[in-house]
Amino acid sequence: MTRRRAIIAGLLGAVYPGLGHVYLRAWFRAGSWFVLAVVTVAVVLPPSMIEAAEAGGLDAIIAASRDLPMAVMVVITGIRLLNAIDAIWLALSASSKVAGSHEGPTCTKCGGELDPELEFCPWCSTEVGASDASA
Ligand SMILES: [Zn+2]
């Protein structure tokens with residue numbers, strides 16, 4: 001469940017910076033990322049794009065976005081990526097705090113909790129007995 005939550009948060013963050021954090025209810029962090037994204041876009045975006053947005057609306061934005069310089073795309077993609085990573089990290093660290101009471105080994109394939117009695121994952125039936133169980 002933890003991993004799924006982290007993946008959803010990461011995907012949302014990749015779609016729009018801050019969205020993954022909203023999903024995680026990390027409101028302050030969501031707001032910070034949102035502001036950072038807006039400010040960065042405002043800084044790196046060429047004036048022609050902003051003019052197009054003001055004049056022509058969504059169609060003009062899409063048309064102008066095709067002509068965006070590579071550097072702008074890299075910066076925007078970088079923010080999305082960092083945001084997604086931060087959302088995933090937050091989801092994983094938050095859940096590890098909550099689930100600290102029953103910290104057990106988890107399946108390396110599906111992330112499900114493993115039953116020490118079983119030599120295979122009860123969720124996806126992957127064999128786990130053979131691997132080193134140092135935990
Ligand atoms: Zn599994």
Side-chain angles (χ1 to χ4, degrees):
M1 295 307 123
T2 298
R3 194 158 294 183
R4 178 173 294 181
R5 205 169 129 87
I7 289 169
I8 291 171
L11 285 175
L12 286 171
V15 169
Y16 199 90
L19 214 57
H21 294 78
V22 170
Y23 169 72
L24 296 171
R25 294 164 185 275
W27 307 117
F28 180 76
R29 216 157 166 137
S32 303
W33 271 107
F34 183 76
V35 169
L36 179 74
V38 168
V39 168
T40 306
V41 168
V43 167
V44 298
L45 221 54
S48 62
M49 180 101 175
I50 296 163
E51 282 163 23
E54 284 170 351
L58 195 61
D59 288 341
I61 294 173
I62 292 166
S65 68
R66 291 203 191 97
D67 304 327
L68 278 180
M70 193 63 192
V72 175
M73 292 306 295
V74 168
V75 168
I76 293 172
T77 306
I79 287 199
R80 283 178 167 184
L81 206 65
L82 284 175
N83 177 259
I85 290 168
D86 189 55
I88 291 169
W89 179 83
L90 195 69
L92 293 176
S93 66
S95 62
S96 72
K97 266 176 225 160
V98 173
S101 52
H102 60 283
E103 235 176 58
T106 51
C107 175
T108 51
K109 197 180 177 190
C110 71
E113 258 187 75
L114 295 177
D115 189 332
E117 302 280 309
L118 301 172
E119 289 184 345
F120 58 89
C121 172
W123 307 102
C124 70
S125 75
T126 301
E127 270 197 63
V128 291
S131 62
D132 58 316
S134 51

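Every number for a ligand or one of its atoms is a count from 1 in the order of the listing. For reference, positions follow the sequence shown, starting with 1.
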With sequence neighbours excluded, what pairs up with Val43 under the side-chain contact (heavy atoms from CB on, under 4.5 Å) test?
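Checked Val43 against side-chain contact (heavy atoms from CB on, under 4.5 Å); matches are Val39.
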
I'd like to check the side-chain contact (heavy atoms from CB on, under 4.5 Å) partners of Val38; sequence neighbours left out, ordered by chain and number.
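Per chain and number, Val38 pairs via side-chain contact (heavy atoms from CB on, under 4.5 Å) with Tyr16, Phe34.
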
Exercise: identify the closest heavy-atom pair between Ile88 and Ala6
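Of all heavy-atom pairs spanning Ile88 and Ala6, the closest is CG1-O, 3.3 Å.
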
Common cluster, Val44/Met73, ILVMFWY with side-chain heavy-atom separation under 4.5 Å:
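Yes, Val44 connects to Met73 through the hydrophobic network.
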
Would you find more than 12 non-hydrogen atoms of other residues, nucleotides or ligands less than 6.0 Å from Trp89 atom CH2?
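No, not enclosed.
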
Pairs where residues 29-40 contributes a residue and the test side chain to side chain donor-acceptor pair (under 3.5 Å) is met, not counting sequence neighbours
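Listed once each, the pairs are Arg29-Asp86, Trp33-Asp86.
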
Which protein atoms of type N, O or S are found under 2.8 Å from the Zn ion (ligand 1)?
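Cys107 SG, Cys110 SG, Cys121 SG, Cys124 SG, with waters left out.
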
